[in-house]
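Reading through the structure tokens given below for one structure.
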There are 2 protein chains.
Amino acid sequence: MVSEKTISRLTNYQTLLRLQQAQGRTHLFSHQLADLARVTPAQVRRDLMVIGYTGNPRTGYHVGDLQDSLMQFFAFSTGIPTALVGVGSLGRALLSYFMSGRSNIRILAAFDNDPGKTGRVLSGCRIHPMNRLRETLAETTVSCALVTVPGGEAQKVTDALVGAGVHGIVNFAPVRLKVPPTVFVENLDVTSSIEKAAFFARNYSLKTQEETNHE
Amino acid sequence: MVSEKTISRLTNYQTLLRLQQAQGRTHLFSHQLADLARVTPAQVRRDLMVIGYTGNPRTGYHVGDLQDSLMQFFAFSTGIPTALVGVGSLGRALLSYFMSGRSNIRILAAFDNDPGKTGRVLSGCRIHPMNRLRETLAETTVSCALVTVPGGEAQKVTDALVGAGVHGIVNFAPVRLKVPPTVFVENLDVTSSIEKAAFFARNYSLKTQEETNHE
DNA sequence: TTCACGCTGTGACAAAATTCACAGCTAGGA
DNA sequence: TCCTAGCTGTGAATTTTGTCACAGCGTGAA
């Protein structure tokens, strides 16, 4: 089984390769990709082992071929179909970003239980009522959903999504969801991340000051 | 030095404890906190070692005292002062969320280089022009900033922030930032997280189908 | 055609993170 | 008062993750 961290890095390589290709680069060495991704060359090579793509000692990796291999590994040549639950300010921001087509994420349906929002179309995406979640998703191939509801509702929404056959959840609410072992949850807790950054920021500030004083 | 993962969990415990206290609970055992945080009891105890708080074998941890210890460890009793750069749709969403006072994050200033936005006040936060970043931040105690600009501008913005004395950056742009070793970067790449969740979602779906077939 | 350089792929090793497992303690009951 | 159940705190073992180092290979130069 391939680890979560490896998958994170591989998706990152994908993004970076797209950028490199856009700049006209056709070949790339492990150390170059490593620099872009801020990892070690050995890490890059180790990661690429898992997708089976093999480079050339003299010319390195072929950007296009490597992208193809990654695509095949992730099996999302036609974009990643997702659903969004919770059309608050964060939900709207995500809709407007992903519906602009700047990435390979496709939001096929949005859900909210506010009657003032349901039925409307935002950024080109129709907003369905929560109680139609199962039926609406049944018509799609969605297996991954974004949860942007308040913390208090997140578990309820999650249960509904799991019931509708969703196996991947990106949770923006500051709670830990309870899911069966066949469901993957990625927590994107903004508050928690800021607190973490603030902690290290303070540490580094102090350290920097100390060093300045010692001189 | 205490690890990044430990800090993440500790901030999580803080959130959970706030919730428990709101529900009137005064004492808590490691296995209960562990259940809430979806980690093992040993992990909880191990984590609490680093903040020096010590519980009681018979009554467990005292919710209030533990919160105080955490607060003291993170040293943010008055809230975390931050700045936000990039008032696009994501920036606005974060502003409206954090200015509502639902967490201990305080956004003291926002920045954008769109003249149509600068000077205005959004969700109670004034938007300053980018070229006044250094002067504006000099008047505050901000050491941590949220970067919500498009990928192409993120590095430039980061350099400006670092120049202004910021030591912690929460980066929402899908690029890896280059910073000196005295600056901590937390990447919150939504696209990458969705791709990761989608990958595991697909894996789990397949596995579930397989198992159903075998029966 | 042959050689040599500098890369890749990977087994072995090192470091980091997590879990195990148990000594030691503490409040409540007998 | 003393005993006991069941917790905490922590050294040691285990598992996971990342790095090292080198054999082997492909290309361009001679």
Side-chain angles (χ1 to χ4, degrees), chain A residues 1-13 16-17 20 25-70 73 176 181 184 187 192 196 199-200, chain B residues 1-13 16-17 20 25-67 69-70 73 176 181 184 187 196 199-200:
Chain A
M1 191 47 195
V2 40
S3 93
E4 220 175 297
K5 295 199 167 187
T6 305
I7 296 300
S8 286
R9 284 191 299 268
L10 285 173
T11 61
N12 187 220
Y13 300 155
L16 294 168
L17 287 172
Q20 291 301 306
R25 181 174 245 166
T26 60
H27 293 270
L28 201 65
F29 292 117
S30 67
H31 67 264
Q32 299 174 313
L33 186 50
D35 282 349
L36 294 169
R38 309 263 186 274
V39 296
T40 62
Q43 182 83 78
V44 168
R45 298 201 295 275
R46 180 66 67 182
D47 288 338
L48 294 190
M49 279 179 74
V50 317
I51 65 166
Y53 177 77
T54 161
N56 178 310
R58 192 69 181 178
T59 59
Y61 303 106
H62 185 272
V63 175
D65 290 355
L66 179 48
Q67 275 188 307
D68 289 348
S69 290
L70 281 163
F73 179 73
R176 300 287 151 159
F184 177 85
N187 289 299
S192 183
K196 185 163 134 193
F199 173 80
F200 286 106
Chain B
M1 189 49 195
V2 38
S3 91
E4 219 175 299
K5 294 197 168 187
T6 304
I7 296 299
S8 285
R9 284 191 301 267
L10 286 172
T11 61
N12 187 221
Y13 300 156
L16 295 168
L17 287 171
Q20 290 301 305
R25 179 174 246 165
T26 60
H27 292 270
L28 201 66
F29 293 116
S30 67
H31 67 263
Q32 299 174 313
L33 187 49
D35 282 349
L36 295 169
R38 307 265 187 275
V39 298
T40 63
Q43 183 83 76
V44 169
R45 298 201 295 274
R46 179 70 62 188
D47 288 339
L48 295 190
M49 279 179 74
V50 317
I51 66 165
Y53 177 78
T54 160
N56 177 310
R58 193 67 184 180
T59 60
Y61 304 105
H62 185 272
V63 175
D65 290 354
L66 180 48
Q67 275 187 305
S69 291
L70 282 163
F73 179 73
R176 301 287 151 159
F184 177 86
N187 290 299
K196 186 163 134 192
F199 172 79
F200 286 106

Practice task
Choose from C:dC7, C:dA27, C:dT10 the nucleotide whose nearest atom is closest to any side-chain atom of A:M49.
Solution key: C:dT10
Exercise for the section: Kindly indicate, with the supporting measurements, whether the criterion side chain to side chain contact (heavy atoms under 4.5 Å, CB included) is fulfilled by B:L17 and B:L28. Expected result: CA-CA 9 Å; B:L17 287 171; B:L28 201 66; 3.6 Å; yes
Spacing between [X] atom [atom1] and [N] atom [atom2], to the nearest angstrom:
X	N	atom1	atom2	value
B:R46	C:dA17	CZ	P	12 Å
B:D47	C:dA17	CG	P	11 Å
B:F29	C:dA27	CZ	P	11 Å
A:R45	C:dT8	CZ	P	6 Å
A:Y61	C:dG6	OH	P	18 Å
A:L33	C:dC7	CG	C1'	15 Å
A:E4	C:dA17	CD	P	15 Å
B:H31	C:dC20	NE2	C1'	18 Å

Handout entry: Given DNA chain D, 5'-ward residue of the pair A:T40 and A:R58, judged by closest heavy atom
Key = A:T40
Are [X] and [Y] side-chain neighbours, meaning at least one heavy-atom pair lies under 4.5 Å?
X	Y	answer
B:M49	B:R45	no
B:Q67	B:Y53	no
A:L70	A:T11	no

Handout entry: side-chain hydrogen bond (donor to acceptor under 3.5 Å, both in side chains) against A:Q32, all qualifying residues, sequence neighbours excluded
Key = none
Practice task
Just call it for B:T6: base, sugar-phosphate, or nothing, with non-hydrogen atoms closer than 4.0 Å on any strand.
Solution key: nothing
Practice task
Give one of base, sugar-phosphate or nothing for A:T54, where a contact means two heavy atoms less than 4.0 Å apart.
Solution key: sugar-phosphate
Problem - Segment of DNA chain D, first to last nucleotide, that comes within the 4.0 Å heavy-atom reach of chain B - result: D:dA5 to D:dA12
Handout entry: Test ring-ring contact (aromatic ring centres under 6.0 Å, His included) applied to B:F199 - qualifying residues, sequence neighbours left out
Key = A:F73, A:F74
Problem - Expected output: side-chain A:R176 to main-chain B:R38 donor-acceptor under 3.5 Å - result: no
Practice task
Establish, with yes or no, whether the OP1 or OP2 oxygen of C:dA27 is under 4.0 angstrom from a side-chain nitrogen or oxygen of B:N56.
Solution key: yes
